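What follows is a set of notes on a single structure, which appears directly below.
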Amino acid sequence: MKKVLVIGGGGREHAIVDALSRSPKVGRIYCAPGNAGIALQAECVPIKDTDVDSLLEFARNEGIDLTVVGPEAALAAGVTDRFRAAGLKIFGHTAAATRIESSKEFAKVIMARYGIPTASYRSFTDYREALEYVSSRPFPAVLKYDGLAAGKGVVIAGTPDEAEAALRDMLLDGSFGKGKVVVEDWLEGPEFSFMAFVDGHNVYPMPLSQDHKRAFDGDKGPNTGGMGAYTHLPFITAADEEFALKNVLQKAADAMVAEGCPLSGVLYGGLMKTADGIKVIEFNARFGDPETEVVLPLLDSDIYEIFEAVASGSSLTSGLEWSEDVTMGVVLASKGYPGHYDKGAEIVIGADVPGCFIYHMGTASRDGRLVTSGGRVMMCVARASSIEEAHKAAYSCVDSISCDNLFHRNDIAHWALQ
Ligand code: AMP
Ligand code: GLY
């Protein structure tokens, strides 16, 4: 029986741990640092996800057979490179391959060079030149800081004043760091997430899902890490999916091989269906959160075998099997998120709702009580044969949770329920 270490401590990692717990090959699961929900299914170890030295020492001492990386920060910190150099098996891209997410400019260069459809762009380090270019283009302007910026690196500026303030922030004041900005054309259309396991040229797609990025109902309010997700998107045809697989995911995988930094983990295409076809908004080098929480429950194949094959660079012997069921999930977040919020509010979970499970995102255990410990706190995920049934069950599950410092959106999956 195999020993697996999962790095990270959010809802995505809870879904990964849950999927691993269904594998007959897996004996023990560790999670660093994990959270109070993950602790019910794995042994949590208090190591920060970017503390590569300690993670390596732990994996060596425990005789871990396979490590699975959740967050991009750990990948960008070179956790894969270090584990591989030490002869340990790990699922996740090298730091060089992670640039497809960690550098907006690198991603745009790759897309331009290999003909992957995306908005046209220019990049700048000089504030005046950037401002001049933005002023010469139609508004809104899309300004992307070139680096990991914890979800705060993208500004959609509706007016010249907003663009000036954002460029000042990114290029003059140094509040973001080294200062490089990608300015790209604004696109319009529904967004969706297309994830795949990728091992060099081999791309194994997962079912499509859609996130809800804004904090409040009606897609209003500030951008968040994601307030809910569902599968089976009504606005994407089989032809769209085939196009995206061939012209986005497969082309990106091949491009990274050609560039000498092959992918070996999850590639996440943040895509938009525009009037002019499907375009890439962003790439991520990891599982999406909250998308993973609705996608992985549908995997009928053994996830350990997939992780193991990708980590070893050996192709999977058969295609992946996915359930036809529909899933949807609602995120419960701390009041105030994505701005300031308090931690430590007590959470009481009521009776189980059939067909539902709760993934923990930011929870902790204090003196035997379950308390909030993050912005996004937990996600109620329902699985059913139709979106209507899943919707009803997911919101019953939300109602079964008592906590006076949480809020959620009431319109998750509204696209599919119209
Ligand atoms: P990103 O971090 O690149 O995913 O950007 C965050 C959000 O900004 C995306 O989910 C989109 O809603 C929006 N966005 C990014 N780029 C564009 C674009 N070129 N046109 C319109 N919206 C965009
Ligand atoms: N849900 C968006 C992301 O994981 O980046």
Side-chain angles (χ1 to χ4, degrees), residues 72 75-76 78 80-81 91-125 133 137 142-149 153-154 180-206 208-209 236-288 291 310 313 315-316:
E72 65 276 21
L75 296 168
T80 296
D81 308 71
F91 175 89
H93 310 291
T94 60
T98 301
R99 285 177 301 162
I100 199 159
E101 167 167 7
S102 61
S103 167
K104 300 278 185 199
E105 194 190 22
F106 177 80
K108 293 301 275 190
V109 167
I110 293 288
M111 287 188 264
R113 195 173 287 162
Y114 296 90
I116 298 171
T118 189
S120 54
Y121 81 105
R122 281 191 48 195
S123 56
F124 298 91
T125 50
Y133 176 74
R137 308 281 304 167
V142 181
L143 314 172
K144 297 188 174 183
Y145 178 72
D146 184 39
L148 292 175
V154 177
K180 191 176 229 182
V181 171
V182 167
V183 179
E184 68 177 36
D185 289 350
W186 184 72
L187 302 174
E188 210 178 354
E191 288 179 61
F192 62 103
S193 308
F194 197 177
M195 300 189 284
F197 298 98
V198 182
D199 165 27
H201 289 289
N202 300 319
V203 175
Y204 305 97
M206 303 186 214
L208 302 178
S209 56
I236 299 295
T237 64
D240 291 334
E241 192 167 346
E242 210 180 303
F243 175 89
L245 177 58
K246 191 162 159 241
N247 295 287
V248 176
L249 298 184
Q250 187 64 59
K251 271 193 187 173
D254 296 345
M256 295 297 275
V257 172
E259 293 289 320
C261 44
L263 296 171
S264 58
V266 170
L267 177 64
Y268 165 125
L271 310 181
M272 188 184 269
K273 182 170 174 169
T274 73
D276 195 24
I278 286 171
K279 312 255 182 187
V280 177
I281 294 292
E282 66 166 345
F283 280 122
N284 291 324
R286 50 163 176 88
F287 283 109
E291 291 92 333
V310 173
S315 313
L316 285 169

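Any value given below was found using the heavy atoms of this structure, including those in side chains, with hydrogens, waters and symmetry copies removed. Keep in mind that what you see is a predicted model, and the values were worked out from it rather than measured.
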Check: Taking C-beta and beyond as the side chain, do Tyr121 and Val109 meet within less than 4.5 Å on heavy atoms?
Finding: yes

Margin query: To check you understand the geometry: which heavy-atom pair defines the closest contact between Leu263 and Ala253, and what is its length?
Written below: CD1-CA, 4.1 Å

Check: Between atom CD1 of Ile100 and atom OH of Tyr268, what is the distance when rounded to the nearest 0.5 Å?
Finding: 13.5 Å

Notebook entry, point to check: Are any non-hydrogen side-chain atoms of Val198 and Tyr204 less than 4.5 angstrom apart?
Noted result: no

Notebook entry, point to check: Are the side chain of Thr118 and the backbone of Val280 linked by a donor-acceptor contact shorter than 3.5 Å?
Noted result: yes

Check: Between CD of Gln250 and NE2 of His201, what distance do you get to the nearest 0.5 Å?
Finding: 8.5 Å

Next item on the list: Taking the side chain as every heavy atom from C-beta outward, state whether Asn284 and Glu72 have any pair of such atoms under 4.5 Å apart.
Entry: no

Next item on the list: Start with the C-alpha gap between Val183 and Phe124, add the side-chain angles, then the distance that decides, and say whether side chain to side chain contact (heavy atoms under 4.5 Å, CB included) holds.
Entry: CA-CA 8 Å; Val183 179; Phe124 298 91; 3.8 Å; yes

Check: When rounded to the nearest 0.5 angstrom, what is the spacing between CG in Leu245 and CD1 in Ile278?
Finding: 11.0 Å

Note to self: When you compare the side chain of Phe192 with that of Ile236, does any pair of heavy atoms fall below 4.5 Å?
What the structure shows: yes

Checklist line | Atom pair CG (Leu271) and CG (Asp240), whose distance is rounded to the nearest 0.5 Å | finding: 10.5 Å

Next item on the list: Please examine the side chains of Phe91 and Val266, heavy atoms only from C-beta on, and report whether any two atoms are closer than 4.5 Å.
Entry: yes

Next item on the list: Rounded to the nearest 0.5 Å, what's the gap from CD1 on Ile116 to CG on Leu249? Could you check?
Entry: 9.0 Å

Checklist line | For Gly200 against Pro262, the heavy-atom pair lying closest together | finding: CA-CB, 4.3 Å

Next item on the list: Verify, without hydrogens or angle tests, whether Thr94 (side chain) and Asp81 (backbone) share a donor-acceptor contact under 3.5 angstrom.
Entry: no

Notebook entry, point to check: Can you name the closest pair of heavy atoms from Cys261 and Arg99 and give their distance?
Noted result: SG-NH2, 3.7 Å

Note to self: With rounding to the nearest 0.5 angstrom, report the CD to OG distance, Glu282 to Ser193.
What the structure shows: 8.0 Å

Notebook entry, point to check: Are any of the side-chain heavy atoms of Val181 and Asp146 separated by less than 4.5 Å?
Noted result: no

Next item on the list: Assess whether salt bridge (Lys or Arg N to Asp or Glu O under 4.0 Å) is satisfied between Arg113 and Glu259, documenting all intermediate values.
Entry: CA-CA 10 Å; Arg113 195 173 287 162; Glu259 293 289 320; 3.0 Å; yes

Checklist line | Side-chain heavy atoms of Phe283 within contact of Met111, under 4.5 Å | finding: yes

Checklist line | Glu101 side chain vs Leu267 backbone, donor-acceptor pair below 3.5 Å | finding: no

Checklist line | Nearest atoms (heavy-atom pairs only) where Ala196 meets Met206 | finding: C-CE, 3.8 Å

Item checked: Test log, rule side chain to side chain contact (heavy atoms under 4.5 Å, CB included), inputs Ile281 and Lys144 -> CA-CA 11 Å; Ile281 294 292; Lys144 297 188 174 183; 4.1 Å; yes

Next item on the list: Could you tell me whether the side chain of Lys108 reaches within less than 4.5 Å of the side chain of Ser123, counting heavy atoms only?
Entry: no

Notebook entry, point to check: So, for Lys251 and Asn247, which heavy atoms are closest and what is the spacing to 0.1 Å?
Noted result: CD-O, 3.4 Å

Note to self: Keeping Thr80 on the side-chain end and Gly92 on the backbone end, is there a donor-acceptor pair under 3.5 Å?
What the structure shows: yes

Check: Taking NZ, NE, NH1 and NH2 as the nitrogens, is one of them in Lys104 or Glu184 under 4.0 Å from a carboxylate oxygen of the other?
Finding: no

Notebook entry, point to check: Any idea which heavy atoms bring Phe287 and Met195 closest together, and the distance?
Noted result: CA-SD, 3.9 Å

